[in-house]
Amino acid sequence: MKTIVTKDPEIAARYVRRGGIVAFPTETVYGLGANAFDAEAIGKIFVAKQRPDDNPLIAHVATLEQIGDLAAEITENAAVFIERFFPGPLTIVIKKSPAVPDIATAGLDSIGVRMPGSELAHRFIEACGTPVVAPSANLSGRPSPTTFEAVFEDLDGRIDCILKGEPTQIGLESTVVDCTEADPVLLRAGAVSLAELQAVVPETRTVDRIVGNIARSPGMRHRHYSPRARVIISGDAAPDPKSSAYIGLTPPESGYSLCRRCSDLADYARSLFEFFRECDRRGIENIVCEPVAEDGIGSALMDRLRRASEL
Ligand code: TXA
Ligand code: MG
């Protein structure tokens, strides 16, 4: 397949309207989108990404009306989160409408919904004229793409079109919060923090405090965010700096073959996945990542570092 690259959201949207699959930038990471009501098109996403079919997709909307088209029910808590955080880096899980094909949600009766804050994503989804289901636009298991180049590296020749934009602003995937039950449950940390969710719905809890709930966010079962190199979370020097890289906030020990000193937490979060990819391109063996305090985007950053460091 020939993959078309365009900067025009209207041209990219044409491929979605014709049943194709299109990578597009959001403020978090690039997504790989298809018409949320077209089962055949959605199937192509799983093939292109080599994604396990038990991992549900997030539906992206441009308008509140489109949320109504996807949902069977919008709970009070969901409505509060929509009011406060949409558009933005938050995904709410709500009961799905029967109109959404099962393949989109891996057979679940719920669906993740998000309204991206980025202008280009908004114009693209609007031009598609339908909600767009999209996982991150990487090959399954690889770090999520935060640049056009990363999408191209993983998916050129496997998808219809790439909508080319700037590197993504946040660089880590959205916060996911399940709103299908009485109290909201945080399933994945992201730029919207637990404290911010609790500021509007104090009952919001984290998933690990609830016993027996591991399968609640199916994506969490799979290995994620991993470079080929070994990820070491540590403030100490690597065993062999020459074959190692460093990313963090404080100046590194000398001798690393690749270093990224970030100016602040937001810069660290924004840079992490592209740094992982750069390390792989250069055949780095170990990546030393400095740990950070777990508040704000720091929680999401530590979550991704831990996942990437699991073998
Ligand atoms: O920032 C983001 O969320 C990006 C951009 C493209 O929007 N998307 C993204 O999608 O990260 P993906 O597929 O890589 O991650 C979606 C996560 C997975 O962990 C999945 O299991 C969870 O959301 N999820 C989706 N639908 C769900 C549902 N109905 N119930 C529970 N978890 C769900
Ligand atoms: Mg992903």
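Only a predicted model underlies this, so the values are computations on that prediction, with no experimental measurement involved. When a ligand or atom number is given, it counts from 1 through the structure's own listing order.
- Tested against Thr146 for a side-chain contact (heavy atoms from CB on, under 4.5 Å), the candidates Thr168, Leu272, Thr28 yield a single pass: Thr168.
- Of all the listed residues (Pro25, Gly112, Pro56), Pro56 holds the heavy atom that lies closest to atom 24 (N) of ligand 1.
- Not one N/O/S atom of Asn138, from backbone or side chain, sits under 2.8 Å from the Mg ion (ligand 2).
- The pair Glu149-Arg277 fails the salt-bridge criterion, with no side-chain N (NZ, NE, NH1 or NH2) lying under 4.0 Å from an Asp/Glu carboxylate O.
- Using 4.0 Å as the threshold, Lys96 has no heavy atom nearer than that to any atom of ligand 1.
- At a 4.0 Å heavy-atom cut-off, ligand 1 touches Arg51 through the side chain alone.
- Considering both main-chain and side-chain atoms, Arg188 comes within under 3.5 Å of ligand 1 through a nitrogen or oxygen pair.
- Nearest-heavy-atom check against atom 12 (P) of ligand 1 across Ser118, Ser136, Ala59 picks out Ser136.
- Crowding of Glu253 atom CD: a count of heavy atoms from other residues, nucleotides or ligands under 6.0 Å not exceeding 12.
- With a 4.0 Å heavy-atom cut-off, ligand 1 is reached by no atom of Asp178.
- Two rings, from His60 and Phe24, have their centers less than 6.0 Å apart.
- Crowding of Phe86 atom CZ: a count of heavy atoms from other residues, nucleotides or ligands under 6.0 Å exceeding 12.
- For Thr105, the closest heavy-atom approach to ligand 1 does not fall below 4.0 Å.
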